[in-house]
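Below: one structure, written as structure tokens.
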Amino acid sequence: MVNLRPSAKFDKKAALVLLTKEQVKNKKFPFKYKSLEDEIVFLKSSGQFTGANGEIFPLVSKKQIVLLAGVGDEKKISLTKFRGAVRCALKSSYLKKIKDVEIIPYSQKDEVIISVIEAVEIGMYSWKKYLSKDKDDKSVEEKSIHLVSSKKPVFQEIMTISKGVNAARDLVNDNADNVTSVHFEKEVKKIAQKSKKMSVTVLNRKELKSKGLNLHLAVNQGSNKEPKLIIVKYNGAGKTAPYTAIVGKGVTFDSGGLNLKPGGHMEAMRMDMAGAAAVLGILKNVSALNLKKNMLFVMGLAENAIGKNSYKPGDVIKSYKGMTVEIGNTDAEGRLVLADAVAYVTKNYKPKHLIDLATLTGACIVALGYEYTGLISNDDSFARKLLASANKTDDWAWQLPSYDGLEDRLKSQYADIKNISNQKGSAGTLTGAEFIRQFLVGDVKWAHLDIAGTAFVEGKSRMYFGYGATGAGVRLITDYLKNN
Ligand code: BES
Ligand code: ZN
Ligand code: ZN
């Protein structure tokens, strides 16, 4: 955990001193400690440490390790890379075993302080539940970071938001048979119970059936688990204030269904509820930050399993909205769950804005890779606001188009619409989003975040995330809600 201290003391087992090139060159240090200043000046004159980006230099004095880390020219610093560098320094052999570390940042600007806090709280997160023997590097819960800063409000806010991010990650990382729809309901109720502003509605199999959310039911048909549509109403503003709905895809495991996923494509599919997990993280944040907004938090929970009851390719199913849907592929299940969820929410609650979050398409990874979430919207000014929050919070997103004519690709010969495109291998992310758009009821500003690439790290670590869930979308949407 990070805590703040107003000035550098060099009284912990270790200190991490972050310096720009200008600071080293002009001998302007963000601390007062004469002998350390002299040492840095010496290192500079002998060319050992100039403050260039990526340089690190360990010093030992009076039984204390001081790790100097260069961040380069102040004007050229990428705060994404900076977060990575701070994480890397904390995980380096110099610091990894040390619990108490003092960090002296090169600047007191808000964005720098935020970056250091996130490097620790988000960057040092690691999923250790199933490791019986701990690795020797310490994760965020085990470290005690003393950040030299007096930016208390910024600090408190970022700590809160980071907790929301990590709550989402914990849900995504655990086994699919632990994080079921029942588990989601329990977690949601734990949060909602603490607040008078929240009320929870859960539609189980019975209610889904009687109301006609047959797409949602179909996806879950092969599973031994209960399908659930969880809706949390949060009243943070007056009765007349409009609602913003956040809807998450919560496929607790995606085997592909009878269109079974091939080897190599299924192993991480417990992450297919990352949209719903992000909704829970955002809900946590909105409540903790006490935002003065009216909100709907919606989680569409199902398991796409195979079994004797599984729904089948070629089936036609009547949706909640009334349109009939041809199942072209049982692996395009997320859009089915979301179609019923957005239809239900827009029809019955009439939100002014709706954002859905979903690990929807492998095509999004082809288009944008693993760092950028795909954003598709029917309203450009709404999209711009979301993109601004994405940029600001380092929870990146890139807009892809939505245009007239896309709906033609979803034509079916014997139903109103089909759940896959007739043009295989082209613009799969756009047609996935288009399918969802077709189920909105009434006039609603809609944005879709495809987090298929960004929600989970399988191979090499990415940005400043280790293995597993990233909490994609939580920082982005929390920031949007704070500011709009
Ligand atoms: N959950 C997957 C998408 C996905 C793929 C998420 C990789 C994360 C990583 C989704 O349900 C799916 O299987 N989509 C299909 C759609 C296709 C059948 C139209 C896909 O992307 O191949
Ligand atoms: Zn699928
Ligand atoms: Zn899926």
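Start at 1 and go down the list; that is how both ligands and their atoms are numbered. Nothing here was measured: the structure is a model prediction, and the numbers come from that model.
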* Nearest neighbour in protein (non-hydrogen) for atom 12 (C) of ligand 1 -> Asp331 O, 3.1 Å

* Considering the heavy atoms of Asn329, write down every atom of ligand 1 situated less than 4.0 Å from one of them. => 18 (C)

* **Within-4.5 Å side-chain heavy-atom neighbours: Leu296 and Lys233** => yes

* Structure fact -> Residue, atom and distance of the protein heavy atom nearest atom 20 (C) of ligand 1 read Gly362 N, 3.9 Å

* Lys482 atom NZ, neighbour heavy-atom count above 12 within 6.0 Å -> yes

* Counting heavy atoms only, which part of Asp254 comes closer than 4.0 Å to ligand 1: side chain, backbone, both or neither? -> side chain

* Salt bridge check: are Arg335 and Glu434 linked by an N-O gap of less than 4.0 Å? -> no

* Asked: In ligand 1, which numbered atoms sit nearer than 4.0 Å to a non-hydrogen atom of Met271?
  -> 8 (C)

* Asked: Among the heavy atoms of His265, does any lie under 4.0 Å from an atom of ligand 1?
  -> no

* Asked: Does some side-chain heavy atom of Asn173 sit less than 4.5 Å from a side-chain heavy atom of Tyr125?
  -> yes

* Starting from atom 16 (C) of ligand 1, locate the nearest protein heavy atom and write down its residue, its atom name and how far away it is, to 0.1 Å. => Arg335 NH2, 3.8 Å

* Asked: When you look at CG of Asn483, are more than 12 heavy atoms from neighbouring residues, nucleotides or ligands closer to it than 6.0 Å?
  -> yes

* Can you tell me which residue and heavy atom of the protein come closest to atom 17 (C) of ligand 1, and the distance to 0.1 Å? -> Ala332 CB, 4.4 Å

* Do Met269 and Ser255 have side-chain heavy atoms sitting under 4.5 Å apart? -> no

* Side chain, backbone, both or neither: the part of Lys249 lying under 4.0 Å from ligand 1 by heavy atom -> side chain

* Please confirm whether Asp272 comes within less than 3.5 Å of ligand 1 when only nitrogen or oxygen atoms on both sides are compared. => yes

* To do: Using a 4.5 Å cut-off on heavy atoms from C-beta on, say whether the side chain of Thr346 contacts that of Trp446.
  => no

* Tyr370 OH: over 12 foreign heavy atoms closer than 6.0 Å -> no

* Mind counting the protein N, O or S atoms sitting less than 2.8 Å from the Zn ion (ligand 3)? -> 4

* Asp272/Lys249 ion pair, N-O < 4.0 Å -> yes

* Using a 4.0 Å heavy-atom cut-off, say whether Leu360 meets ligand 1 through its side chain, its backbone, both or neither. => backbone

* To do: Compute the ring centroids of Tyr480 and Phe382, then answer whether they are less than 6.0 Å apart.
  => yes

* Please step through side chain to side chain donor-acceptor pair (under 3.5 Å) for the pair Ser223 and Glu303, ending with a clear verdict. => CA-CA 6 Å; Ser223 169; Glu303 185 186 48; 2.6 Å; yes

* **Pair Arg270 + Asp177, salt bridge at N-O below 4.0 Å** => no

* To do: Would you check the N or O atoms of Ala452, main chain and side chain alike, for any that come under 3.5 Å of an N or O of ligand 1?
  => no

* Asked: Are any non-hydrogen protein atoms located under 4.0 Å from atom 22 (O) of ligand 1?
  -> no

* So which protein heavy atom does atom 19 (C) of ligand 1 come closest to, and at what separation? -> Ile420 CG2, 3.6 Å

* Which residue owns the protein heavy atom closest to atom 7 (C) of ligand 1, what's the atom, and how far is it? -> Met269 CE, 3.7 Å

* To do: Give a yes-or-no answer on whether the side chains of Arg409 and Ser426 include a donor-acceptor pair shorter than 3.5 Å.
  => yes

* Do any N/O atoms on Lys261 end up under 3.5 angstrom from N/O atoms on ligand 1? -> yes

* Which atoms of ligand 1 are found less than 4.0 Å from any heavy atom of Glu333? -> 11 (O)

* Asked: Hey, does Glu121 have a side-chain heavy atom less than 4.5 Å from the side chain of Lys163?
  -> no

